[in-house]
Amino acid sequence: MDFRIADTFTAALARLPAQEQKAVKTSAFDMQLDPAGPGLQFHRIDAAKDQNFWSVRVNRDIRIIVHKTAASLLLAYVDHHDKAYAWAERRRIEAHPRTGAVQIVESRSRVEEIAPALFKPMLPEKLAQEPALFTKLSEEELLSIGLPEDWIEPVLAASESCFFDLAVHLPAEAAEALLEYAATGRLPKPAPSDPSDPFAHPDAQRRFRTIENVDALRAALDAPWERWSVFLHPSQAGVIARSYNGPARVAGSAGTGKTVVALHRAVRLARSDSEARVLLTTFSKPLADALQRKVDLLVAAERGARGRITVAPWEGLAEELHQLVHARRPRIAALAQIQVALVQAAGGPETWSERFLTSEFRHVIDAWQVSDEATYADTPRPGRRSRLGAKQRAALWPIFTGARTRLASQGLGTWAQVFTGLAAHYDAQATKPFTHIVVDEAQDLGVPELRLLRALAPEGEDRLFFAGDLGQRIFQPPFSWKALGVDVRGRSTTLKVNYRTSHQIREAADRLLPGAVHDMDGREEARKGTVSVFDGPHPQVLKLDDEAAEREAILGFLEAVRGDGVVSDEIGLFVRSRAQLDRARAVALAAGFVPVEPGDAPSAVGESVTIGTMHLAKGLEFKVVVVLACDDGVLPLQERIDTVSDEAELEEVYETERHLLYVAATRARDRLLITGVRPGSEFLDDLG
């Protein structure tokens, strides 16, 4: 008998208190070991439309709802007695007649009892104001996307204002396909079906998993809120399973599951070969630590795979490899030391601004490791806004060589030197440290980092895989990957289903960015057509009279979300830079929280809430986010504007500042508040 678990079960389990979860897990383990065990008390749910629904007693009040046939036992739901029975009485589990995929289907008649407004026909005057969304679709087209037959009529009558309320009652694949149609005017192509096994259909595998042993069940139940670790969308599963004959990339806007794909792909590569050495890497240590925890979840039932995966941030990886090659740690110059060396070499900032010298040195001279004046004259400067002629480059070159000499005399180097030196070393080695490399947040790779990663694995299938979003590029100027031998054209996939961020938050955040973003190799990442799978409150954007009024508004907002059951570690407060961090800290303390920054351990003396800069928000997610101190002169940052040399460079500043606000706003799942002191950042008007 096959033993399966549904995503509805893990979601319901996560909502129970810890002690009740523990009791449920014990019963689940007993069922897997012996479904006919004498200690298990099965009771058929007579009022259910589906006669295969049974309840299993956990304790006096908790019941597990199972779907039992001769061939399989499925854990479908868990809750207190009355709620568990009510859930089962409103649902049936069946294979869709057209797609063949197994679905959990809500009974239309039962939903109509509790939400009759969803099924009332619209009056003619209402139809004129708000026409139905799906009248151009045929019944056959609706069936092809997995819509149950008894839901065709209400879907055809649905308007935009009621569709999200209706969508929560539909199978996920049907709701997502209809959302995509509403956004783009096109239905997605149906996934291929396997009529011999309705659970093998890609749409079924996103909801149901066959559990092979106790270790696999324990891994699925120990962190039931991490549904991505067990259930995958077909578009994600396809990218994870695919083999590529060259470097490949997955893209998508914030919340579409790029990191999930990177994680599962790294684990798949490690599982597929006992000799594999997989590197999973990203730009910061806090993010790498988060990835490590998620890898541990995925390989909990296969500990051998964990030993074949190394998780490290780019600089941490380079430091470790440098010690292996040179038997010492690199001494890295701080940004302030680089700036002092450049100004001293220039004899003062009279001719060239400190900001220009620093930017040119870091992003051109140091990044590309330009070695002489002739090379500098021929070095392309993609993404650099200020044009430089041959005479200007000749005048600048002694400044850069002088700065390098000053740093070297202090025994200092740069990360770019370390990355480039290691790349040269491993390019010359026949044996590489890794067999496969998976990169998360790849949009923030610089030239030296990409050079090193390219050198760390041998040529071959599935060697390099990147996950990233150009709309979230906040650290690096653009450059051509193809020029460094990394060409992902023809091997790129864009994810379009957003799981993390509500429709309202995603729609508002998208207004900060253009409809499509291009890289230096001509590849386009289009944002149009992305759909969120759930609805939520509209984000609030407030301009207040002063900081005191801002603090009071945020405190009222936090009090409301706490009243709705949101706990402190599900809340994030973010500001543009460390100069505004005290405002976030003051709000957290006034709300009764202990403020901690990303990467810090939770407080032992009170409820912790995360505060940080927008840069540190990248890669994190919270149910509730407050982005505060979005004042005029803060966002975009006036210090950056004051140092630009031309209109093109000003455009670059505005672009990256918009990206920062987009990153911070899209950390929110359910609720978002953005505040500033009047007149406020000009970006606030764009949010609507």
Side-chain angles (χ1 to χ4, degrees), residues 314-315 318-319 322 326 329-425 427 444-452 454-455 473-481 483-484 520 639-640 642-646 648-650 652-653 656:
W314 302 330
E315 290 180 359
E319 182 175 45
H322 189 276
H326 301 289
R329 282 186 168 187
R331 290 190 63 206
I332 304 299
L335 178 59
Q337 292 172 305
I338 294 173
Q339 291 169 330
V340 168
L342 287 166
V343 171
Q344 289 177 344
E350 288 79 13
T351 305
W352 307 97
S353 72
E354 178 185 305
R355 174 177 169 77
F356 170 78
L357 290 174
T358 303
S359 182
E360 185 75 3
F361 177 78
R362 293 179 66 204
H363 297 307
V364 180
I365 303 300
D366 197 35
W368 293 91
Q369 285 295 288
V370 179
S371 57
D372 53 58
E373 184 178 340
T375 304
Y376 182 35
D378 294 332
T379 299
R381 303 170 68 248
R384 306 293 296 152
R385 307 292 184 170
S386 304
R387 296 179 179 274
L388 293 178
K391 290 183 178 180
Q392 290 172 305
R393 296 196 195 201
L396 283 165
W397 182 248
I399 298 174
F400 297 136
T401 56
R404 277 177 168 169
T405 300
R406 282 171 167 78
L407 293 173
S409 68
Q410 302 170 58
L412 298 173
T414 65
W415 278 118
Q417 288 175 318
V418 172
F419 281 112
T420 305
L422 288 170
H425 171 81
D427 269 333
D444 283 315
L445 280 169
V447 171
E449 292 90 342
L450 186 57
R451 275 179 166 163
L452 174 60
R454 184 177 177 273
R473 180 179 57 79
I474 58 177
F475 290 111
Q476 296 290 344
F479 64 93
S480 170
W481 285 25
L484 296 181
M520 296 298 296
E639 296 168 24
R640 295 190 66 194
D642 290 343
T643 56
V644 300
S645 57
D646 58 34
E649 192 172 356
L650 181 64
E652 179 188 5
V653 167
T656 54

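We use all heavy atoms of the structure for the numbers below, so side chains are in, but hydrogens, waters and symmetry mates are not. Note that this is a predicted model, so its numbers are computed, not measured.
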From Arg393 CZ over to Ile365 CD1, what is the distance, rounded to the nearest 0.5 angstrom? 8.5 Å
Which side chain to side chain donor-acceptor pair (under 3.5 Å) pairs, counting each pair once, include a residue from residues 331-343, with sequence neighbours left out? none
I'd like to check the side-chain contact (heavy atoms from CB on, under 4.5 Å) partners of Ala455; sequence neighbours left out, ordered by chain and number. Ala423, Tyr426, Asp427
Identify, with sequence neighbours excluded, every residue that meets side chain to side chain donor-acceptor pair (under 3.5 Å) alongside Glu315. Trp415
For Phe419 and Ala318 the tightest heavy-atom approach is CE2-CB, 3.6 Å
To the closest 0.5 Å, what do you measure between CZ (Arg406) and OG1 (Thr401)? 9.5 Å
Go through the structure and list residues passing side chain to side chain donor-acceptor pair (under 3.5 Å) with Trp397, not counting sequence neighbours. none
Leu335 side, atom CG; Thr358 side, atom OG1 - distance, nearest 0.5 Å: 6.5 Å
Counterpart residues, side-chain contact (heavy atoms from CB on, under 4.5 Å), relative to Gln417 (two or more places apart): Asp366, Gln369, Thr414
Just how far is it from atom CZ of Arg451 to atom CG of Leu445, taken to the nearest 0.5 Å? 13.5 Å
The reported gap from CD1 in Ile332 to CG in Leu412 (rounded to nearest 0.5 angstrom) is 8.5 Å
Under the rule for side chain to side chain donor-acceptor pair (under 3.5 Å), what residues qualify as partners of Trp314, not counting sequence neighbours? Thr281
Taking Leu484's backbone N and O only, do any of them form a donor-acceptor pair with Arg454's side chain (distance below 3.5 Å, no angle check)? yes
Test side chain to side chain donor-acceptor pair (under 3.5 Å) applied to Thr656 - qualifying residues, sequence neighbours left out: Arg640
Testing the basics here: between Ala367 and Pro448, what is the closest heavy-atom pair and its distance to 0.1 Å? O-CD, 3.6 Å
Taking only residues two or more places apart in sequence, or in another chain, which ones meet Thr375 in a side-chain contact (heavy atoms from CB on, under 4.5 Å)? Val370, Ser371, Asp372, Thr379
For Arg404, check salt bridge (charged side-chain N to carboxylate O under 4.0 Å, His left out) against everything at least two apart and list the hits. none
Approximate separation, where rounding is to 0.5 Å, of Arg355 CZ and Leu342 CG: 13.5 Å
Mind checking what makes side-chain contact (heavy atoms from CB on, under 4.5 Å) contact with Leu396, not counting sequence neighbours? Trp352, Phe356, Leu357, Tyr376, Leu388, Ile399, Phe400
Going by the rule ring-ring contact (aromatic ring centres under 6.0 Å, His included), which residues pair with His326 if we only count those two or more places apart in sequence or in a different chain? His322
